[in-house]
Structures are given as structure tokens and as C-alpha cells.
Amino acid sequence: MNIYFSGVGGVGVGPLAEIAQDAGYGVQGSDRTESLTTRELRSRGIPVNIGQDGEFLQSCHESQPIDWFVYTSALPKDHPELVLARQLGIKTAKRDELLTYIIADKNLKLIAVAGTHGKTTTTGMMIWTLQELGIPVSYSVGTTLSFGPSGKYNPDSEYFVYECDEFDRNFLHFSPNVALITSLGYDHPDTYPTEGAYREAFMQFITQSTQTIMWQYDSNAFRNPPLRSWTLQDNEAVHIPLAGAHNRRNATLVMKALEFLHLTTNENALDILSRFPGTDRRFEKLADNVYSDYGHHPSEIAATLQMARELSEHVTLVYQPHQNVRQHEIKAHYTDCFMLAEEVFWLPTYLSREDPALPILTPDDLIRDIANKDVITIAELDDALWEHIEDARAKGNLVLAMGAGSIDAWLRSHIKN
């Protein structure tokens with residue numbers, strides 16, 4: 001089978017391309033811009049084109065007919081490649097359809113990690129632990145890893161570990177053997193117009209799972225306790241030398257899942273998890289006193305600042321909000337999530353896939369209701385900001401950069417220089 005991935009640099013599609021290559025399929029793809037993922041794919045010999053006008057798809061199809069055209073949810077209906085694929089009679093599908101096919105075709109048992117926040121790190125923890133135990137594992141995670149590719153198919157594996165996100169109702173296409181729910185809040189109002197609709201989707205996901213492991217305070221969000229769920233109490237969180245209360249809770253979920261599957265002892269799992277190196281863009285250390293994090297939701301900001309304060313009493317945060325449409329949805333939640341930061345440099349919102357009917361919210365609009373807004377300085381990604389970062393580091397502050405837009409690449413380029 002020959003597969004073309006459109007949006008192959010994305011955190012969902014990129015790992016799937018790696019899995020498809022491992023499984024023996026022909027793989028190629030395209031994206032609008034270069035990224036860590038596109039470079040990783042090229043390093044594996046996967047042809048990736050930057051640019052999506054259809055010419056690369058046409059040439060690939062003429063060279064060897066494409067059987068599946070797999071695309072990201074972000075692709076508009078009139079996208080040149082999607083239009084061309086349909087004109088050429090190629091089967092088109094979103095990533096969940098192909099992944100479901102591979103899991104069934106290879107007779108794998110699915111360990112799915114879902115939740116509003118913490119999915120990527122928890123998935124990484126599960127992958128890391130199974131690898132360290134010497135258990136063959138196939139997986140897909142929405143980031144790059146220091147201990148393996150983003151996606152992998154191992155022909156000797158019994159289990160497939162998947163970061164099963166709720167965006168575009170992706171997770172409802174799967175029926176896991178074991179599902180871990182990291183947290184339950186409210187997100188993606190473009191997919192779920194109400195918090196009730198969001199919770200109903202999670203209830204359906206839990207119903208589709210053979211066994212679910214979650215925290216009691218998340219289970220309490222449902223009117224009726226989910227069936228076939230193992231609910232953990234706060235006092236069941238393991239004592240493990242990992243920074244961040246949320247990381248310790250996530251490690252507990254992993255340990256309980258391994259216990260349920262009878263794959264190892266708690267003592268072994270605890271030792272392995274205590275050495276977990278983390279995942280890229282999740283509190284990733286780039287240099288002395290400089291960390292980068294993908295988080296851009298108030299709950300994620302508060303949790304990551306709590307982790308940073310375990311390492312330093314003085315934290316400087318550089319924050320880049322993500323998507324104007326998203327800021328309209330979450331601006332009321334910017335209240336006390338910055339309380340653990342000594343100073344905050346607030347950047348203009350990174351714009352991507354925006355609704356032209358919505359006015360662009362300025363930094364002044366967004367910081368209006370923040371409890372400690374006296375610590376906030378409005379800034380730009382420029383030399384002046386870098387000087388502030390260097391000054392903060394010189395004082396011994398931990399500098400934390402958060403956002404899913406251009407801030408990470410900007411920070412890495414300055415550190416290299």
C-alpha cells in the first residue's frame with residue numbers, strides 16, 4: 001500500500017507516517033512549513049515536500065499510484081491536494097481511520113492516553129517504561145522524543161500506545177483495551193460547543209474502553225460514575241522524584257495501568273519512571289535556566305509554573321498566546337494562573353487558522369482581569385526581549401517560554417547563537 005500524508009509535519013500525522021513506514025507501506029508527504037517533525041521524517045528517508053500546491057502529489061501518483069491520501073483535520077475542504085486526490089480517485093481519510101486499520105490489521109491491543117491536559121507527557125512515560133522493561137511496543141505520540149521517534153511500529157509488539165486526543169472527536173474512533181484519563185476540564189469549543197458536550201464525548205470514550213483508569217475528582221464530573229473505571233484517590237499519587245505535581249499524578253496513572261496489565265511490579269515501574277527524561281516541548285531544558293513548553297491554556301500555565309517553582313523560587317515567564325479564535329474562548333480564564341511567576345513577558349497572539357470575523361484581541365485585552373498583572377510586560381520577539389531573558393538568567397531566574405507558535409524556534413535560534 002502506498003500512502004501520501006498531507007500535513008505530515010503535524011503532531012498527529014507525522015508519527016503516523018513513521019508507523020506506516022515501519023509497517024512496510026510506501027510513505028511520502030507534504031506540509032506548508034519546515035518543522036522538527038519534517039526533518040525527522042527526512043532523516044528516515046521519507047520524501048517530504050514543503051509546499052502543497054498539488055504538484056508533488058501529482059508526481060508521486062504518476063511515479064507509483066497512491067492508495068490512501070491521509071490528511072490532518074486542519075486541511076480545508078478546498079485544499080489543492082485534497083481536491084486533486086479526489087479528482088485522481090485516491091481514497092481520502094483522516095489519520096484516525098488509517099491508524100484504526102493498522103491496529104486491527106496487526107492485531108494490537110490499544111493503550112490510549114486521553115484527557116484535557118497531560119496526554120503527551122503521560123504517553124511518553126508509558127512508552128519509556130515499556131521500552132526500559134524490554135517489552136516491544138508500537139506507539140504514536142504528539143511530539144519528538146529523545147529516546148525514540150514520534151511514531152513506531154514494532155512487529156514483535158503486543159501493545160500500541162496512543163496519545164488519543166479529543167480534537168475533532170478523534171478519540172471516539174477507538175476502542176482501547178486500557179484508557180488513561182489524565183485530566184478532565186473543557187477545551188476545543190470549536191468541536192464541543194458546551195462543556196456538557198465535551199464531557200459526553202469523554203463518557204462515550206470511556207464506554208468504548210474495556211478498562212479506564214482516572215482520578216476520582218475527574219470521575220466526579222459525570223452525573224453517573226463511569227462503568228469499568230478504576231478511580232484513584234488523591235492519596236494514591238506515588239512519591240516519585242519528578243518535578244511537578246501533575247507529572248507525579250501522570251506517573252501514577254502509568255504505574256496503575258502497568259499493574260492492571262500485569263506487566264511489571266510497582267517497584268520496577270517506580271524506578272524506571274523516576275528516570276523519565278521527559279518529552280520535547282514539555283518543560284524541555286534548552287540551556288541552563290531556560291525551558292520551553294508547548295502549553296498555552298491557563299490550566300497548563302498554572303501547572304507548568306508550579307513545576308518550575310519546584311526548581312527555582314524565581315521564575316520568568318515568556319508567554320505567546322496561541323490563535324486569536326482560542327483567545328476569545330479562554331480569555332476569561334486568565335485570572336490567577338500566573339501567580340507563581342516573578343515576571344511575565346506577554347507576546348502578541350500567534351495567528352493560525354483564524355476566523356476573519358473575530359476582532360484580534362490585543363495583549364491589553366487579554367491581561368485585563370489577571371490578578372497579578374503588575375508583573376506583566378508586553379513584549380515582542382526581538383533583541384530587547386532576548387536581553388531581558390539574558391538578564392533574568394544572569395540573576396539566576398529560571399526562564400520558561402510557553403506557547404505553541406513561533407516562540408520555541410525563536411528561542412532555540414538565539415540559544416544557538
Side-chain angles (χ1 to χ4, degrees), residues 11 74 116-118 120 165-167 183 185-195 198 246 281-283 290-309 314-389 391-392 397-411 414:
V11 296
T116 311
H117 310 295
T120 301
D165 68 275
E166 73 274 21
F167 175 67
S183 60
Y186 178 44
D187 204 354
H188 304 299
D190 49 343
T191 301
Y192 310 98
T194 66
E195 189 170 354
Y198 187 81
H246 62 293
R281 295 299 330 277
R282 269 67 179 181
F283 204 70
V290 181
Y291 293 78
S292 177
D293 194 277
Y294 182 85
H296 49 277
H297 185 281
S299 298
E300 295 169 334
I301 294 167
T304 308
L305 283 172
Q306 185 276 325
M307 178 163 55
R309 282 295 296 271
H314 306 286
V315 178
T316 294
L317 173 66
V318 183
Y319 176 56
Q320 183 183 54
H322 192 66
Q323 294 182 312
N324 181 62
V325 63
R326 189 174 178 84
Q327 299 314 301
H328 280 270
E329 297 157 359
I330 66 173
K331 63 181 180 179
H333 300 285
Y334 287 133
T335 52
D336 58 355
C337 59
F338 299 95
M339 294 302 293
L340 295 179
E342 189 171 86
E343 56 184 349
V344 177
F345 291 95
W346 191 291
L347 303 174
T349 300
Y350 181 81
L351 303 179
S352 171
R353 304 195 309 273
E354 303 296 354
D355 181 350
L358 287 176
I360 301 295
L361 294 173
T362 68
D364 284 323
D365 294 329
L366 295 172
I367 69 173
R368 190 167 296 153
D369 298 323
I370 293 175
N372 60 329
K373 66 180 179 181
D374 56 305
V375 306
I376 295 176
T377 300
I378 296 172
E380 299 279 350
L381 286 177
D382 56 18
D383 290 341
L385 176 60
W386 182 247
E387 289 179 10
H388 285 303
I389 290 173
D391 289 343
N397 285 25
L398 184 154
V399 177
L400 170 63
M402 296 193 71
S406 57
I407 185 172
D408 178 70
W410 179 86
L411 189 63
H414 279 73

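Keep in mind that the numbers below use all heavy atoms, side chains included, and drop hydrogens, waters and symmetry copies. The model shown is predicted, which means the values in this text are computed figures rather than measured ones.
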**Message:** Contact between Asp165 and Val11 at the side-chain level, heavy atoms closer than 4.5 Å - yes or no?
**Reply:** no

**Message:** In the structure I gave you, are the side-chain heavy atoms of Leu351 and Ile360 within less than 4.5 Å of one another anywhere?
**Reply:** yes

**Item:** From Glu354 atom CD to Ser352 atom OG, the distance as rounded to the nearest 0.5 Å
**Value:** 6.5 Å

**Prompt:** Should the ring pair Trp346 and Tyr319 be called parallel, tilted or perpendicular, given that the plane angle runs from 0 to 90° and is split at 30 and 60?
**Reply:** perpendicular

**Asked** How close do Arg281 and Ser292 get, heavy atom to heavy atom, and via which atoms?
**Response** NE-OG, 3.0 Å

**Asked** Going from CZ on Arg326 to CG on Asn324, what distance comes out if it is rounded to the nearest 0.5 angstrom?
**Response** 12.5 Å

**Message:** Check the orientation of His414 and Trp410. Use parallel for under 30°, tilted for 30 to 60°, and perpendicular for over 60°.
**Reply:** tilted

**Asked** If you look at every heavy atom in Ile330 and Pro298, which pair is closest and at what distance?
**Response** CD1-CD, 3.8 Å

**Fill in**
Value for CD (Gln323) from CD (Glu329), rounded to nearest 0.5 Å, stands at 8.5 Å

**Prompt:** Is there side-chain contact between Ile370 and Phe338, with heavy atoms separated by less than 4.5 Å?
**Reply:** yes

**Message:** Can you give me the closest heavy-atom contact between Pro359 and His328, atom names plus distance?
**Reply:** O-NE2, 2.7 Å

**Message:** Using the rule given for side-chain contact (heavy atoms from CB on, under 4.5 Å), can you reason through Glu343 versus Asn397, listing the C-alpha separation, both sets of side-chain angles and the distance that settles it, and then say yes or no?
**Reply:** CA-CA 10 Å; Glu343 56 184 349; Asn397 285 25; 3.9 Å; yes

**Prompt:** Is it true that a side-chain atom of Asp391 and a backbone atom of His388 form a donor plus acceptor pair closer than 3.5 Å?
**Reply:** no

**Message:** Counting only heavy atoms not in Asp355 (residues, nucleotides, ligands), do more than 12 fall under 6.0 Å from its CG?
**Reply:** yes

**Request:** With the side chain counted from C-beta on, respond yes when Val315 and Glu342 share a heavy-atom pair under 4.5 Å apart, and no when they do not.
**Result:** no

**Message:** Pair Tyr198, Thr116 - check side chain to side chain donor-acceptor pair (under 3.5 Å), show working.
**Reply:** CA-CA 10 Å; Tyr198 187 81; Thr116 311; 2.9 Å; yes

**Message:** Using every non-hydrogen atom in the two residues, find where Val399 and Ala392 come nearest and quote the distance to one decimal.
**Reply:** CG2-CB, 3.9 Å

**Item:** Donor-acceptor contact present, side-chain Gln320 to main-chain Ala404, <3.5 Å
**Value:** no

**Item:** Nearest-0.5 Å distance, CG of residue Leu361 to NZ of residue Lys331
**Value:** 5.0 Å

**Item:** Straight-line distance of Thr377 OG1 to Leu347 CG, nearest 0.5 Å
**Value:** 11.0 Å

**Asked** Within a strict 4.5 Å, meaning less than it, do heavy atoms of the Pro321 and His296 side chains meet?
**Response** no

**Message:** Please report whether the ring centroid of His117 lies less than 6.0 Å from that of His246.
**Reply:** no

**Prompt:** Does the distance from a Lys or Arg side-chain N to an Asp or Glu carboxylate O, for Asp364 and Lys373, drop under 4.0 Å?
**Reply:** no

**Asked** Is a side-chain donor-acceptor pair under 3.5 Å present for Thr191 with Glu166?
**Response** no

**Asked** Under a 4.5 Å cut-off applied to non-hydrogen side-chain atoms, are Tyr334 and Ile301 in contact?
**Response** yes

**Prompt:** Between Pro348 and Pro363, which heavy-atom pair has the shortest distance, and what is it?
**Reply:** CA-CG, 4.2 Å

**Message:** I'd like to know if the side chain of Arg282 reaches the main chain of Gly295, judged simply by a donor and an acceptor atom lying under 3.5 Å from each other, with no hydrogens or angles considered.
**Reply:** no

**Prompt:** Looking at Leu411, Val318, Ile407, which one forms a side-chain contact (heavy atoms from CB on, under 4.5 Å) with Leu385?
**Reply:** Val318

**Asked** Any side-chain heavy atom of Phe283 sitting closer than 4.5 Å to one from Leu400?
**Response** yes

**Prompt:** When rounded to the nearest 0.5 angstrom, what is the spacing between CG in Leu340 and CZ in Arg309?
**Reply:** 5.5 Å

**Message:** Could you walk me through whether Met402 and Leu317 satisfy the side-chain contact (heavy atoms from CB on, under 4.5 Å) test, starting with their C-alpha distance in whole Å, then the side-chain angles of each, then the deciding distance to 0.1 Å, before giving a yes or no?
**Reply:** CA-CA 7 Å; Met402 296 193 71; Leu317 173 66; 3.7 Å; yes

